[in-house]
Amino acid sequence: MWKARIEIMLKKSVLDPQGQAVEGALHSLGYDNVRSVRVGKYLEVDIDGGDKEAAGAQVREMCERLLANTVIEDYTFTVTEVQR
Amino acid sequence: MKPEVWRGMGLKDEEYNMIVAILGRDPNYVELGMYSVMWSEHCSYKNSKEVLRLFPTKGENVLQGPGENAGIVDIGDGLAVCFKIESHNHPSAIEPYQGAATGVGGIIRDIFTMGARPVALLNSLRFGTLNERKVRYLFGGVVAGIAGYGNCIGIPTVAGEVYFDPCYQGNPLVNAMCVGIIEADKIRRGRATGVGNPVILAGARTGRDGMHGVTFASEELSDASEEKRPAVQVGDPFMEKLLMEACLELIENGDIVGIQDLGGAGLTCATSEMASRGGTGLEIELDRVPCREEGMTAYEIMISESQERMLMVVTPDKEEKVHAVFRRWGVPSTTIGKVTGDGMLRVRKAGEVAAEVPARSLAEDAPVYCPAFKEPEYIKQTSELDLSRLPDVTDAAGALLALLGSPNIASKEWVYHQYDHMVRTCTVVLPGSDAAVIRIRGTAKGLAMTTDCNARYTYLDPYIGGMIAVAEAARNITCSGAEPLAVTDNLNFGNPEKPEIFWQFRRAVEGMSEACRYFGTPVIGGNVSFYNETNGEAIFPTPTVGMVGLLSDVTRHCTQDFRQEGDRIILLGDTFDELGGSEYLYVLYGETRGKPPALDLAREKALQQAVLAAIREGLAVSAHDLSEGGLAVALSECCIGQEVGASVNLSTGGLRTDSLLFGESQGRVIISTRPENTEKLLALAGEYGVPSRAIGTTGGTELIISVDGNEKVRLPVPELAKKWRGAIPCLMA
Amino acid sequence: MKFGVVVFPGSNCDLDAYHAIRDVLRHPVEYIWHQEESVAGFDCIVLPGGFSYGDYLRSGAIARFSPVMKSVVEFAASGGLVFGICNGFQVLVEVGLLPGALYRNTGLQFRCQFTNLVVENRNTPFTIAVEPGRVLKIPIAHGEGNYYADAQTLRAMEQNGQIVFRYATAGGEVTKDANPNGSLYNIAGVCNENKNVLGMMPHPERSVERILGSQDGLVIFESLVRYREGLR
């Protein structure tokens, strides 16, 4: 079985209000050296069968079609083999 | 079985012995768990039952009183209103977002379980003071949780209240109320009848969340409670929306015999209560219960408090149809058992009987306690308030601004702008006035609703405080143009095993009962929340009153806002030197002391009848009740809404200026009226024996208040508004 | 003129749109279940507000794959009128019928309040009945109404008159303070190049009766009727 770990982040050009809020909160807790924070999504998708490449191609398609909105979001992912 | 086992589940030794006597044998672990949750205070009301009998619960319009999932009152035209309030205090203290969200989810299920379409939500909240970071976190999380759930499911959150006091620092109160509308002949009840009828479980899968939530709610909080986080459930409002639509469709079509939601004590509570009410037994097969995790034990499945689940009994011929409706809505449903005639709740797992106990013994046979009670020492100290040692106010304008900026009085827009209060397009009076008003589609009618409790008064005198909570709710309902119908109450107190706490509880219920009887507003349901203490310190006794009223013509509603220039301002009711328990005393002197204002039920009722008559006869342009902050604050609120100023002349008549401006004497309302109606309004008040006087005129851009000819306040309305609107956003920024 | 209101799992303003059209506008209207595969016979499809599929993943991201959406896309391509309100707007950008994206309000909070809208293009089927200079008082209720499109897209939209509504003051001034959610250039509603598909975050169906505090939303529904009658 393959496990895809997918990270979805707002594009750099898009304002990230959540990230800004978290950044402000960290500063107020005294973490003055925090330069910037961005908040994204993390997904795990378990996929049966096929080889690693096929699984990767499928995950890319899933991201393009549903998981990410590429107007405002970028995505990256890794695929690793895991035991059922 | 070792005593540590039942004690660890919150059962007393004598309670364990009762269980052995009922079963004629030692219970197994699953059975013990079932008794421990069902015999907790949360489910059995074992400490409060006797006192709750004081409430008047009957009335000619009451179709369903306490004892079911929610109460129901007839409103004519074949329709009825169904409502209830419930607390989710402890879960919210641990995880504010999910705690509050699942509180909302639970109360919505209580309403649609009865067959009613939920049409409005309200909530009554209490927190510590906002200068504490932890309190801001709790407040922000609770509001976001209520918004997250209510907005998603599409039921408007139309009214409520929020108060802040250090006594709630570690133990916030989150009381959620839901109002539904039902055709009077479509009421469904949580009864399992018809031996052989299948039992269906629908909704979310069962997981390990919320294990022992009810015993958790029946313990005091301590710093160690933070480690109990897994006991908090996670809500899925999307699932609940689908579940609600499917259940309402089934009930509408008459496809269900009995139905009950799974809340506190989960499957144990739903199965035993349905069987007990129906005078039957139930046999269920746990292997058929869809679980979220593998390897869940019978014990875990029986007491899980996973949200968004419903249990129902149907006739065999409808079984397939019911599953088909759930399928169409995308809601999982499974037949998990059947109704039996032997009165036993029999639970099977993996071919074995995992538990077998009389259903009725779980639901009805919990011990009833009559805890000892004793007047607390603090009452003698706090009741002393020597006004002669308190200098009268010199800077009235400054005091007014300070009060408007107090979070207890300040605008709650920061809160209700996060709630969708307009969805369903029936909200006629939006949040922010005395009571919200919604119209009832397809009729000329409307419903007014409010929650009220001044816990400071209840702390200083639980009896008077309890009466005032009811009176103020009725006054708010009346000011919106509605006739009070009935009450649901949420009694939030400390540990009832302490005699002082139980005294507060008894006295508050006595006061509420007397007022409910006087106003003809029976208590049709409610909730008791004890053990609201942190490290031994109890909250102020907080018996929240949720009240619903009826407008026969919804277009004849009224709000608090001054509408136009040149209207006369009439003050109805008498003012006394009453500063005890006032917001003024708290804000300016940091004191919670004195006796709360007196309440004369006869005068209060006359006042409310006069206000209602004035609104119905079209004499009132606006009506606003006087509460925290007294006359000056009420006038400010009337001015702010539509930015209409006012000029007011008062005479002390021997009163202190601060009592006159900021005292909280009960039974008072400000009405604005067209000048040509002034005499009629004063005459009408006279007919009801209500003291009234014209105190000023609306208009201009300032609020000007003169006392005995001396100008005490002259403030631009935008400045009042800025202070009042800005206070909470500023603290939360 | 016959309207269809699509019901997705989790739609909750379907009732409000239905009521506004049937009882106030007084035109025929029917619900369309999300699993329907055809929208034949309707003159205008309304995608209502709510939380389709719980707004899980992203608002509108899952609803766009409902069977009914395929026919809605075809309907739009053939010139049919498609009107997305709030969550419906989010579905329309997700399915690609409208440019841009909608994401979290900059204040991070859900906002429910009245807003004032200026009408930037009165020459669309959705706005032809709006009097010049009229500011519309219509409420919003959303947590993810922050409109974004890249600079190039926005320029093209400006040129094509696709930016239809902007948040403004009661006097009609487009100011930062009047922007409730951080939308680029105060954008509250946009249409496609052909002007037959419009999405807006504010809820016109909530402001069609005096008793609800405003009737300004009605003019949008009236525009649709007038446009349709003009075609006949």
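Each chain gets a letter, A, B and so on, in the order its sequence line appears, and its residues count up from 1. Just so you know, these numbers come straight off a predicted model, no measurement behind them.
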>> Under the rule for side chain to side chain donor-acceptor pair (under 3.5 Å), what residues qualify as partners of C:N179, not counting sequence neighbours?
In response: C:N186

>> I need the contact set between residues 52-80 of chain C and chain A: heavy-atom distance under 4.5 Å, sorted by residue number.
In response: C:L57, C:R58, C:A61, C:I62, C:R64, C:F65

> Got a sec: does the CZ of A:R65 have more than 12 other heavy atoms crowding it under 6.0 Å?
Replying inline: no

>> Would you say CZ of C:F114 has more than 12 non-hydrogen atoms from neighbouring residues, nucleotides or ligands within 6.0 angstrom?
In response: yes

> What are the two closest heavy atoms between A:I72 and C:Y103, and how far apart are they?
Replying inline: CD1-CB, 3.7 Å

> Which atoms of A:E73 come close to chain C, meaning under 4.5 Å heavy atom to heavy atom: side chain ones, backbone ones, both, or neither?
Replying inline: side chain

> With a cut-off of 6.0 Å (strictly less than), are more than 12 heavy atoms of other residues, nucleotides or ligands near CD of C:Q113?
Replying inline: yes

> Heavy-atom count around A:R60 CZ within 6.0 Å, excluding the residue itself: above 12?
Replying inline: no

> Closest approach of A:V14 and C:Y148, non-hydrogen atoms and distance?
Replying inline: CG2-CZ, 3.6 Å

>> I need the residue from C:T106, C:N105, C:L108 with the largest number of non-hydrogen atom pairs under 4.5 Å to chain A.
In response: C:L108

> Using non-hydrogen atoms only, which part of A:L67 is less than 4.5 Å away from chain C: side chain, backbone, both, or neither?
Replying inline: both

> Considering residues, nucleotides and ligands other than A:E44, do more than 12 of their heavy atoms fall under 6.0 Å from its CD?
Replying inline: yes

